[in-house]
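Structure first, then comments.
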Amino acid sequence: MIAYASRTGNVRYIVSKIEAESIEIQEDLQIDEPYLLVTYTDGFGDIPMKVSRFLEQNEAHCKGVVVSGNSNFGPSNFGGAGDKIAAKYQIPLVRKLDLRGYQADYEAIQQFYETRVLV
Ligand SMILES: Cc1cc2nc3c(=O)[nH]c(=O)nc-3n(C[C@H](O)[C@H](O)[C@H](O)COP(=O)(O)O)c2cc1C
């Protein structure tokens with residue numbers, strides 16, 4: 001399973017490139033199986049509020065995080081949501097993508113998904 005948050009469509013596009021079941025994060029979503037989190041970055045390297053709230057309820061089954069950001073925000077803020085989530089929940093930062101990323105990113109995500117999320 002992939003759980004994702006997308007505000008302007010980039011993350012939705014990334015998720016569409018991965019062969020996996022997916023669900024968009026909304027209030028009170030509960031996931032009781034292993035999943036990969038895919039999120040955008042907000043503020044100045046921040047975790048989107050809805051993703052923070054989701055993780056408070058769904059930490060247990062999160063196997064890794066993929067983040068999209070915009071490298072124009074500079075090295076200390078680029079994809080910062082992924083760094084923060086990985087550190088806080090002690091899970092791998094699978095990939096950091098600039099906007100929609102590239103084919104090599106989708107392949108790396110697919111590989112992680114099949115070897116570390118699907119059980
Ligand atoms: C208000 C706002 C703040 C943002 N802040 C950051 C940031 O701090 N770091 C970063 O890497 N990207 C930042 N971004 C860029 C988005 O994370 C990036 O465009 C991402 O691909 C959006 O994904 P989405 O289209 O699925 O919503 C910001 C975008 C917006 C609109």
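Both ligands and their constituent atoms are indexed starting at 1 by order of listing. The shown structure was predicted, so the numbers you read here are calculated from the model rather than taken from an experiment.
Heavy atoms from other residues, nucleotides or ligands lying under 6.0 Å from CD of E21 number 12 at most.
Shown are V65, I18, V66; of these, the side-chain contact (heavy atoms from CB on, under 4.5 Å) with L36 is made only by V66.
The minimum heavy-atom distance between F78 and D83, with the atom names listed, is O-OD2, 4.0 Å.
Counted by atom type alone, Q111 and E107 present zero donor-acceptor pairs between their side chains at under 3.5 Å.
L99 and L97 are members of different hydrophobic clusters when ILVMFWY side chains are connected at heavy-atom separations under 4.5 Å.
Atom CG of residue D28 and atom CD of residue Q57 lie 8.0 Å apart, to the nearest 0.5 angstrom.
In this structure, ligand 1 sits under 4.0 Å from heavy atoms belonging to S6, R7, T8, G9, N10, V11, Y40, T41, D42, G43, F44, G45, S68, G69, N70, F73, N77, F78, G79, L99.
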